[in-house]
Every structure is written in C-alpha cells, then in structure tokens.
Number of protein chains: 2
Amino acid sequence: MSPTTAARPRRADAARNRELLLRAAHAAFTERGVTASLDDVARAAGVGPGTLYRHFPTRDALVLAVIDDGLTDIHRLGTELLAAGDPLGAVREWLRAYIEQGAIYKGLAATLASPPSPADGAASTCDQARKAGAALIVRAVEKGVLRADVDPDDLLDMAAAITWVGEQPDRDPARCRRLLDVFVDGLRAPVS
Amino acid sequence: MSPTTAARPRRADAARNRELLLRAAHAAFTERGVTASLDDVARAAGVGPGTLYRHFPTRDALVLAVIDDGLTDIHRLGTELLAAGDPLGAVREWLRAYIEQGAIYKGLAATLASPPSPADGAASTCDQARKAGAALIVRAVEKGVLRADVDPDDLLDMAAAITWVGEQPDRDPARCRRLLDVFVDGLRAPVS
DNA sequence: ACCTGAACACCGTTCAAGT
DNA sequence: ACCTGAACACCGTTCAAGT
C-alpha cells in the first residue's frame, strides 16, 4: 500500500529510486536505528543525497514511509478487534502490536508518539493507526472494563513510552511485555 | 557537593575552567536540551574544545556532572522518606521528584534511565539516587501497599519513561503528573 | 520532471605544540 | 599538569548544472 505521506512519483526512474531508498533506509535503520546517516542511506541506495531529500524532505518522512505497511497493519488490526468482542483483550492485543511495531528500529518510539502531520492536512497512516487504538480504549472504558479516568491519549503515550524503555541499553523484550501487562492490569476497573 | 564521576582538578585554573564549563553547559542544556553542541558549550565557557573533553570525556559525563547536585537532593530525599512513615506516599513523592529532576533538560530521561557506570567502579550519584528510590519501593511492597509483582527496576524505568513522555512535543507537565498518579494508583495492592 | 554531486555549514574528537 | 586551537572525519542540507 502506498503511503499517504508522500506523493507517488510519476516517472519510472523516480519510482524506482524511491523504492531503492526505502530498502536502503530499512537496512540502515535496522542496523543503526533511526538516527542512521542519511548520506549512508543515499549511498547504499546508489543515489545522490539530493534525490533522498527530494523524495523525503525530513528524516521523519522517510522513517514513516518505511514503516507505512506496518502501520497499516496496526490500523487494520484495530478495526478488526473493534468488530470482534472482548474489549479488554482487544486493548491488550492492540497495544502489544503497537509496541512491537515501535521496537523494530531503535529510536522509533518518539516518531510514533508524535508523528508529524502531513502538509496536505490528511491523517497520516500513523495517525490512523493511533485512532484505531484510541477507539478500542474508548470502548473498553464505556464497557466498564477499564477505569473511567483512563484517557486514550495518555494510554497511547504510555505505550510509546514502554517502547522507549525497550530502546534503552540492557532491557530485553520480556521487560516491555511485563511492563505492559502490569500497566494494563492497573488500569482495569475494580470489580465492585 | 563535588561529583563522584570526575576527579577534582588540582590546579586553580583547571578548577575554574571546570566551573565555567558546568555553567555554560547548564545554560546550553536548558535552552537546547542535552544534545546541545559541545563546541558551543566550550565557546561559551571561553575554553578550547580540548579542555571540555579533558574534563568531561563523554557527553553523559558532562550531563551527569551538571545535575549532580540535583541527584544528590533526590538521594537525600529518598533516605529522609525512608526514615519517615507512609510507605505509599513516600514512593509517590520520591517518584514525583525524580520525574521533575528529569524534566529540567530535554533529552535527560535516557541518561537518568541508563547512567554510564563510572570507570572507577564506584556508584555514581545517579545510581545512588536510584537505589534510594528502589529502597522505598521495596518497603512499600513489603508493607503490602504496592502489589507484590512490582519490580523496583520496572518502576524506575516507568518513571523515566514518563519523563520521556514530557519531552515530546505538546505535552504539558500536567500530563506527566496525571500519568504518574494513574500509574502508581494501578500498582496499589488491592484492599482484600 | 527528476537526478547528480559539488559546496557549505556544522559538529565531535584528537593531538601536537605550548605554558 | 593543564590549555590551546588547528586538523580531520563526518553529517545534514542546498542548489546550480545537467538529462
């Protein structure tokens, strides 16, 4: 699926360069995190730095374009879970997927927490994904399985924050899963 | 109080340069966050870049030296709260202070969460502060006011993560306080 | 319409020369 | 023992020239 954050190039060579850049960026981000040198990315893609900037005017634009498919998956998962039952389990499962998505590149948590709004005013894929998660949280609160004082944005921020914890040195993925479980558990409505 | 992370210079001009660097770094970090240019810091202090590196071999060393007094305060607060009663309130108050300390410079959360261990093997001021907090958490668990599955390191990580949330664009301090309250509330032992 | 790559500014880090 | 500042490598970003 094509990202909503960047126009699809019309010329064949431009489309090809875009694809090469995305592949090179994925490799570089995987190895060195989202702060990887953009010069290196351009070199690995076999294009000049100017071409990279033409396709992706900011680092965040490149990062979000690279994970666009993943964010689409998160969005779809959210709508599917909303259609099914189990409001609390849905929140848990979606948050887990959101956190896992953030864990693929070091430094990604900040971009997920504050995705730059696209210039055209449309909602970015990241925004759409987060909205799907927020809808699940709202339902869980309305159904009375999450505490009434839970704010969807707060919960999304905390999920990104847990991803951030996983980016720190010497934290294993198990710690993030445990943090999420402990956290969601603490937000369950008391069975009064 | 002198930091444990760097040797105190013997010569008067060296001690003075160290002080000038700390002041300049504080100003730069306040304005631009902990990623402020070290060249700028050296220039503002009126010394060459080599002098900065001689006093503070890494950026983290400089950052931790600048906030050393603040960390000492956090440490002292921890020991005082441990001597007094109210195990749950003590944890809450200490975490609030820890989070506020992390909020003084943008980007500080990561350093607080993973302070580099000093070469001499001694505990850094940051380590000592965190240990004081961990002791409060352990007591609260033992007294049965926090859930038994709460791990001190997990809680310290979550506090740093909340600080990190506050570093993101468009999050006001009220959000961090609310996050901490919601979080600690969720970790309270059920009054069975 | 798009690409190239030189050019510029900036930054981190080291180190030879100095006092 | 400590300082200076030149030097080097690297990176982000722009833009004139090209196709």
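Order of the sequence lines fixes the chain letters, A, B, ..., with proteins taken first and strands second; residue numbering starts at 1 for each chain. Hydrogens, waters and symmetry mates play no part in the numbers below; they use all other heavy atoms, side chains included. None of the values given here were measured: they were computed from a predicted structure.
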query: How about B:Arg59 and B:Thr111: does a side-chain donor come under 3.5 Å of a side-chain acceptor?
result: no
task: Return the minimal non-hydrogen interatomic distance between A:Val145 and A:Pro87, and the atom names on each side.
output: CG2-CB, 4.0 Å
- prompt: Between C:dC10 and B:Ser37, is there an OP1 or OP2 to side-chain N/O distance shorter than 4.0 Å?
  reply: no
message: Side chain of A:Tyr53 only, heavy atoms from C-beta on: which candidate in D:dT14, C:dG12, D:dC3 is closest?
response: D:dT14
query: Which whole-number value in Å describes the distance from B:Phe56 CZ to D:dC2 C1'?
result: 14 Å
query: Given atom CG of B:Leu20 and atom P of D:dC2, what is their separation to the nearest angstrom?
result: 16 Å
message: Just by distance, no angles: are the side chains of B:Asp127 and B:Ser124 close enough, under 3.5 Å, to form a donor-acceptor pair?
response: yes
- prompt: What integer distance in Å separates A:Leu38:CG from D:dT13:C1'?
  reply: 10 Å
task: Give a yes/no on whether any side-chain N or O of B:His55 is located under 4.0 angstrom from OP1 or OP2 of D:dC3.
output: yes
task: Check step by step if side-chain contact (heavy atoms from CB on, under 4.5 Å) holds for A:Phe183 and B:Leu187.
output: CA-CA 8 Å; A:Phe183 190 56; B:Leu187 297 185; over 6 Å; no
- line: Nearest-nucleotide check on DNA chain D, A:Pro57 vs B:Asn17; residue mapping nearer the 5' end is B:Asn17
query: A:Arg96 side chain to A:Leu180 main-chain N or O, any donor-acceptor pair under 3.5 Å?
result: no
statement: The single option from A:Leu21, A:Leu62, A:Leu20, A:Val47 that satisfies side chain to side chain contact (heavy atoms under 4.5 Å, CB included) with A:His55 is A:Leu21
statement: B:Asp39 CG to D:dT4 C1', in whole Å, measures 13 Å
query: For the side chain of B:Arg139 and the backbone of B:Leu82, is there at least one donor-acceptor N/O pair under 3.5 Å apart?
result: yes
task: Whole angstrom is fine here: how far is it from CZ in B:Arg59 over to P in C:dT13?
output: 8 Å
- line: Within residues 40-52 of chain B, those residues having any heavy atom closer than 4.0 Å to DNA chain C are B:Pro49, B:Gly50
task: Check every atom of D:dA1, C:dG12, D:dT13 against the side chain of B:Arg11 and return the nucleotide holding the closest atom.
output: D:dA1
statement: Its dot-bracket string being built from Watson-Crick and G-U pairs below 3.5 Å, with | for another strand and [ ] for crossing, DNA chain C has the pattern ||.|||||...|||||.||
message: In whole Å, I'd like the distance from the CZ atom of B:Arg18 to the P atom of D:dA1.
response: 18 Å
- prompt: Taking B:Arg147 for the side chain and B:Gly186 for the main chain, is one N or O donor matched with an acceptor at less than 3.5 Å?
  reply: yes
- prompt: Does a donor on one side chain sit under 3.5 Å from an acceptor on the other, for A:Thr125 and A:Asp68?
  reply: yes
Interatomic distance where CZ belongs to A:Arg54 and P belongs to D:dG18 [whole Å]: 17 Å
